[in-house]
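For reference, the structure is listed below as structure tokens.
Worth saying up front: this structure is predicted, and the values here are computed from it rather than measured. Order of the sequence lines fixes the chain letters, A, B, ..., with proteins taken first and strands second; residue numbering starts at 1 for each chain. Hydrogens, waters and symmetry mates play no part in the numbers below; they use all other heavy atoms, side chains included.
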Protein chains: 2
Amino acid sequence: MNNKPTIHDIAKALGINSSTVSRALNDSPRVTQKTKNKILAMAQELGYQRNVLASNLRKNVTHTIGVIVPRISRHFFSSAIQGIEETAYAAGYNVIICQSLEQLEREQSIVNGLVEKRVDGLLISISMETLNYDHLDLVAKNKIPLVFFDRHCNIPNYSSVIIDDFKGGFEATEHLIKQGCKHIAHFSGPKNLEIYKNRLAGYKAALKKHKLTFNESYVITSRLMEDDGYANMKVLIDKNIEIDAVFSANDMAAIGAIKFLKQQKIAIPEDIAIVGFSNEPISTAIEPSLTTIDQSGLTIGKTATNLLLNYIEEKSIPEKGKTVIIDTSLLERNSSKKE
Amino acid sequence: MNNKPTIHDIAKALGINSSTVSRALNDSPRVTQKTKNKILAMAQELGYQRNVLASNLRKNVTHTIGVIVPRISRHFFSSAIQGIEETAYAAGYNVIICQSLEQLEREQSIVNGLVEKRVDGLLISISMETLNYDHLDLVAKNKIPLVFFDRHCNIPNYSSVIIDDFKGGFEATEHLIKQGCKHIAHFSGPKNLEIYKNRLAGYKAALKKHKLTFNESYVITSRLMEDDGYANMKVLIDKNIEIDAVFSANDMAAIGAIKFLKQQKIAIPEDIAIVGFSNEPISTAIEPSLTTIDQSGLTIGKTATNLLLNYIEEKSIPEKGKTVIIDTSLLERNSSKKE
DNA sequence: CTGTTAGCGCTTTCAG
DNA sequence: CTGAAAGCGCTAACAG
């Protein structure tokens, strides 16, 4: 009994036609309840299981959405994926997860593979290397709905779900200013990513509002890994640059900075306050000097998936992309000089 | 041009038969290089893309493996998933991720769905509620290879990949003893999970070896969420139970405990040392009192996937399950009274 | 309400 | 080396 029973087997066993069986199993109103019952009973008896592959081929759908993130284990992304999975599951969709590992080439090959697999939709947070969007043409050509989340790109006709990075950067910086900080460094990320541009813009705007001069040498751009944060902090200290706070554009770099300061016995936040644009509740639980935007990953994931599912089920890709900006109430936990 | 080109289109355009096209696209040796070239060129020209759905149906494979974890955003699982994805991707497989959210019912329905989707293999870390394994019969009946990772269960004929929990528990406890701790509490997890039984056994063995009496009231069993750790710690303190250390069976509960102690201004590790069985490098970066087993998630994920791929590609599910125990060198970072 | 028929797009015998 | 034909298991017209 290697061969799984098919609808034909159950049809034959009942002396009826397989299309009736198909209809019954899909709970079509065009079958008597009586025959439905018979069919269901027989299906049960034979241990029948629908072959989703065949069904999908016929219907030309997969009930699967592809997700591409730079790296699954980054907390922001794993919580986004959690939100995606929950929303997708509730709607009867599965989720295929792929990671670009920040490599454009890998991202391209993944997109290609997912299109071949005929995913019903695509959710992408682009890699740091992605400056070229040719691989997305394939997606458009195949009319596969696509929604960017978090790391979007500034091209029209695509939808994105992001948090309000400008406001976040503004509030984080203003928060430090209100604590009395006057010399605030900023760790920024690659400029091809809108999110980092916007966080930087928010930082600048806050300085301006509070009449603090913007100092070019206070902004250090890196890939924002933990080691980068450590190195950035070291540079500032070694060069004796006078700072009393750092606004880091992500959590990893903030953690690196904290690590360095702890080693140097520099007090946080008394000597130098740190705010990391972050979504790492565990870290903040044990180190309150880290700022988190709690739940932002989850919320972005859910929102992006809902938007995507709309496109998929309406079968209408909107002419113009839509950008959903999630106004997260920032600074749930604060780095504070007064604490 | 809504309809994607098929092999028939490219056959027709070339005046040849579609089976030749199929062979050429699969790089069969039974086609001339010359015709292959012609076919490849035409495929390119028409923008042909293989319909993997159809191919899979025909070949009765999916090149997809299903992964079930309790919760994606838990760092241990997200790093395991990262390892799974990397290994699977390298072998040409995709990964469908599902979360049980610790609910048996959900786990059952997910297993069912993945079997219907005809995944080629299954990687499962069971939920805390899973005391009943009937839903796995379906997997066996369909001859779908299955490998448990981390949270396995004690039933024969299934393979598992785990870390050496007994040794880990032993070493963590012994480490505390060597620091001079004599009253070590243990936060344990649900007893249906082997991992928690084994960590507890390791704890007991270490006490025994060092001639410390095992005290039943030092062991607190919970679901090991952050709040549980907080509450457990509070109970110990409120009841004035004399302890100088805690070995927590996971990181979350350890973090909750640390949080409580910090609020109470109880010094870590001077007053109470904490070791959490953990895989959360970010937390340990900023709080060295937490112990981590770094990379264990990644390693388990990769190892489990390799084992599963073996089963899939050999098409042979071994008669008897195999348990791979990863001997992680523990205690990369330590909680130490001397530090 | 049920049956007949024709595919979805691909792979794979079996012939030639 | 290439072609013809059958069919993976299911669904969806179209009849009746």
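- Distance, B:Glu116 CD to D:dC10 P: 10 Å, rounded to whole Å.
- Distances shown here put every side-chain N or O of A:Asn17 at or beyond 4.0 Å from the OP1 or OP2 atom of C:dT2.
- Between B:Leu57 and B:Ser18, it is B:Ser18 whose nearest contact on DNA chain D lies nearer the 5' terminus.
- When distances are taken from the side chain of B:Tyr48 to each of C:dC10, D:dC10, C:dC8, the shortest belongs to C:dC10.
- Using modelled atom types, one side-chain atom of A:Asn26 and one backbone atom of A:Ser22 make a donor-acceptor pair closer than 3.5 Å.
- Nucleotide D:dA5 holds its P atom 14 Å from the NE2 atom of B:His8, rounded to whole Å.
- A close approach under 4.0 Å does occur between a side-chain nitrogen or oxygen of A:Ser55 and OP1 or OP2 of D:dT11.
- In terms of phosphate contacts, B:Thr35 brings a side-chain nitrogen or oxygen within less than 4.0 Å of OP1 or OP2 of D:dT2.
- With rounding to whole Å, A:Asn60 atom CG is found 14 Å from D:dT11 atom P.
- One atom, NZ of A:Lys34, and another, P of C:dC1, lie 12 Å apart when rounded to the nearest Å.
- Residue B:Ile16 is in sugar-phosphate contact alone, with no base atom involved, counting any heavy-atom pair closer than 4.0 Å across all strands shown.
- Counting only heavy atoms from C-beta outward, the side chains of B:Glu85 and B:Tyr93 never approach each other to under 4.5 Å.
- The side chain of B:Arg30 has C:dT13 as its nearest neighbour among C:dG3, C:dT13, C:dC10.
- For the residue pair A:Tyr89 and B:Ser109, a side-chain donor N or O sits within less than 3.5 Å of a side-chain acceptor on the partner.
- In the model, A:Ser127 has a side-chain atom that pairs as donor or acceptor with a side-chain atom of A:Thr130 under 3.5 Å.
- Protein atom CD1 of B:Ile10 is 14 Å distant from nucleotide atom P of C:dG9, rounded to whole Å.
- Regarding contacts with the backbone of D:dG3, a side-chain N or O of B:Thr20 is found under 4.0 angstrom from either OP1 or OP2.
- One atom, CG of B:Asn56, and another, P of C:dT12, lie 12 Å apart when rounded to the nearest Å.
- Side chains of B:Thr62 and B:Asp120: a donor on one and an acceptor on the other come within 3.5 Å.
- Contact check, B:Asn26 against C:dT11: a side-chain N or O comes under 4.0 Å of OP1 or OP2.
- Checked by atom type and distance alone, the side chain of B:Glu116 never pairs as donor or acceptor with a backbone atom of A:Val52 at under 3.5 Å.
- Of all nucleotides listed (D:dA12, D:dC10, C:dG9), C:dG9 comes nearest to the side chain of B:Thr6.
- Checking B:Gly15 against B:Lys59, the closest nucleotide of DNA chain D that is more toward the 5' end is the one next to B:Gly15.
- Nearest to the side chain of A:Val31, among C:dT2, C:dT11, D:dA12, sits C:dT2.
- The distance from atom CG of B:Leu53 to atom P of C:dC10 is 11 Å, rounded to the nearest whole Å.
- Note on A:Ser22: a side-chain N or O is less than 4.0 Å away from OP1 or OP2 of D:dT11.
- Scanning atom types as modelled, no donor and acceptor separated by under 3.5 angstrom connect the side chain of A:Arg58 and the base of C:dG9.
- The base of C:dG3 is paired with the side chain of A:Arg23 by a donor and an acceptor separated by under 3.5 Å.
- One atom, CD1 of A:Ile7, and another, C1' of D:dT11, lie 8 Å apart when rounded to the nearest Å.
- Within the structure, a side-chain polar atom (N or O) of A:Thr32 is placed less than 4.0 Å from OP1 or OP2 of C:dT2.
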